[in-house]
Amino acid sequence: MCVSLQFNRIFKVKKMKTDLNTNIKFHQVSSRYYRPENEIELASLTRYEKIFTTVMETADDGAREAALEAAHVINQCVETRGRCVIALGAGRYVLKVYDELVKLYFADKVSFADVVAFNLCELGENDGPRLNERIAEHLYAKVDIEPGNIHTITPINATDDVYSQCKAYERDIIDAGGLDLVLCDLNNDGSLALNEPGSARTSTCRLMLLGDETRARVADAFQADVVPKTAVTLGISDILRADKIICVAWEEDSAMALFNTIEGKMTDLLPASFLQVHSDAKVYADLDAASRLTRVSYPWKVTSCQWNDYLIRRAIVWLCGQTGKPVLKLTNKDYNDNGLSELVALYDSAYNVNIKIFNDLQHTITGWPGGKHNADDTYRPERAVPYPKRVLIFSPHPDDAIVSMGGTIRRLVQQGHDVYIAFETNGDVAVSDDDLLRNVMLADRVTRHFGKEGSLPFVEQAMTRLKEKSPFNNEDRDVRYYKGAIMLSEAYMACRHMGVPKKNLRDLALPFYTEDPNGQGRLTEADVAVVRDLIADIKPHQIFFDNDLVDPHGTHVRATGAVIHALDQLKGEEFMHDCRVWMYRGQWGQWDVDYVQMAVPMSPEEFGDKRDAILQFHSQIHDAPFRSSADGQLPWQRSIERNRDLAEQYQRLGLATYEAIEAFVQYQP
């Protein structure tokens, strides 16, 4: 099983594709599971789904279909009653739909002249970013909507008469004739508009305290360091009163929220789940967002399958979970009782299927991630030759490679390979002000002790700047440099602990990060050129790059985009024919066992070495700004838990017992 990704070569300087989730395909999903040929098959496939859901292969396809339906509703309402009243969200997923609506407008397929638009929500506090401006940029400013027909919620502070203003906004909607259409997106925490988890089905327009995940999304969207803590949003009951609701979801980080919304129980903790009670709600999703729906993830539960190696492995891993048995103990009865009798019929017995999948899983495990020299590599994930290999590892932030694949790095070094690590950014945004102060004061104390001119003036200047920093102000460049130096120094120490020589470390300082005040600039050919030149210079036999594309700051998706574009441009080079490329995860996710193609086990001692290397990142082990989940754990803590969890999964399947496992999926440029 190889990962296949098709990229058009793009050489434009200003804009590059960065929504990579919809382009990286780990396996081929048969279209009959998500785009069946007839209504009878659709009814069978969607038996577990409580909201009508259309699944398209890509986000672009989904946005196009959603826009066509929205345009149809607008045209129909205008034709029958002279106007269409719509409520619009401002999340990043729905922006694609607005872009498609603009195309339909210029193609004379829809007009907004008789549309009355209401924003679903608006951020609080008068000096903050405006969601209305975001919608205007993508839609209002490009179509023929009358300015007087655009209604937005006035920014409200907690000291204002919130109740009266919210009720006035609801009355405006009623006076306009009520909502014909709501067009919004599903957030990865299950919120709808800015109705945070905990919002009741009966909730109305109100002031909402924003959670950390929502504020992180807003910060990324507006490239702001600080965002408002409150917002005003139409409530769930306001949204449900609309005649039609179109909700969209793209990308892998939406998958669990989408599954729970579509197939789970209604609950206040997942406000989008209340769409289940609406008579005309529809969800549009791409394959990545729909990846956990039963018809996509477990199609054998709803239809007969087109079996392939991937799907068989996934089915058996699922069956082991259902029965609590390891692979080799599954019986014919287990298959029959759980709807997998097809496999027994295809392979004549459960034993034959069990042996096939057990061997398949066994062959993913290797203690030789660079290949074992002078050994038969027929059933090993990596080739025995060439030896030693030149290995190039890309790390979006300085800590990502160590946190996600530190045990593998140590193995590669110990087994004689020439390991290079490229830090794509300096990670300064992940270093707190307190860590900066601690390090600057240390530098000042040391320089004073040795009679040098102290750095106290810089300390005072830096602290003054930090105190004066107000919401949405950019970080001072000197402060950013010092924070980045802290993070990189920690990375050098961690790599030293793992045995990677300093001469093999590269600080790439990709322009999208260094040249943008908030480290969130657009990916351009300038970034790709840096990565491409490094690969061409080293001519590696192995490349490892990060596939954690859901980090809250957005650095990973841009950094990984630079690697993928570079690989695409270099794929015709002779040295690339002898280069195998692997993807890792760790900080923000873990590969499912079904996907894993190389599993590198760690003993307790090796796992301890990895943990010690992680602890070299002093700025990240206690107070890093980005936490990975509602339980408050930091990404590195979640990563080592995932390593243990994966080892336990292999053990439950009946394979060898290890302390921890790091996993990789192959990527083919």
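We find that Lys96 and Asp60 are joined by a salt bridge, their nearest charged nitrogen and carboxylate oxygen being less than 4.0 Å apart. Classification of Lys103 and Glu100 as a salt-bridged pair holds, one side-chain N sitting under 4.0 Å from a carboxylate O. Arg411 has a carboxylate O that lies under 4.0 Å from a charged side-chain N of Glu606, or vice versa, which qualifies the two as a salt bridge. Checked for salt-bridge contact, Glu659 and Arg611 miss the test: no charged N lies under 4.0 Å from a carboxylate O. Asp377 and Arg580 are not joined by a salt bridge, as no carboxylate oxygen comes within less than 4.0 angstrom of a charged side-chain nitrogen. Under the 4.0 Å criterion applied to side-chain N and carboxylate O atoms, Arg532 and Glu525 are assigned as salt-bridge partners. Salt bridge present: Lys356 and Asp309 bring a charged side-chain N and a carboxylate O closer than 4.0 Å.
A donor-acceptor distance shorter than 3.5 angstrom exists from the side chain of Arg314 to the backbone of Ser297, with no hydrogens or angles considered. A donor-acceptor contact shorter than 3.5 Å links the side chain of Trp250 to the backbone of Tyr93. Thr364 contributes no side-chain N or O that, together with a main-chain N or O of Ala599, makes up a donor-acceptor pair within less than 3.5 Å.
Counted by atom type alone, Asp376 and Thr378 present one or more donor-acceptor pairs between their side chains at under 3.5 Å. At a cut-off of 3.5 Å, with distance as the only test, a side-chain donor of Glu490 or Ser619 sits close to an acceptor on the other residue. Donor-acceptor pairing under 3.5 Å is recorded for the side chains of Gln542 and Glu382.
Just one residue in the list Arg642, Lys610, Arg410 forms a salt bridge (charged side-chain N to carboxylate O under 4.0 Å, His left out) with Glu662, and that residue is Lys610. Of the candidates Asp400, Thr425, Asp548, Asn547, His556 forms a side chain to side chain donor-acceptor pair (under 3.5 Å) with just one, namely Asp400.
In this structure Gln651 satisfies the side chain to side chain contact (heavy atoms under 4.5 Å, CB included) test together with Thr657, sequence neighbours excluded.
A 6.0 Å sphere centred on CZ of Phe575 holds more than 12 heavy atoms belonging to other residues, nucleotides or ligands.
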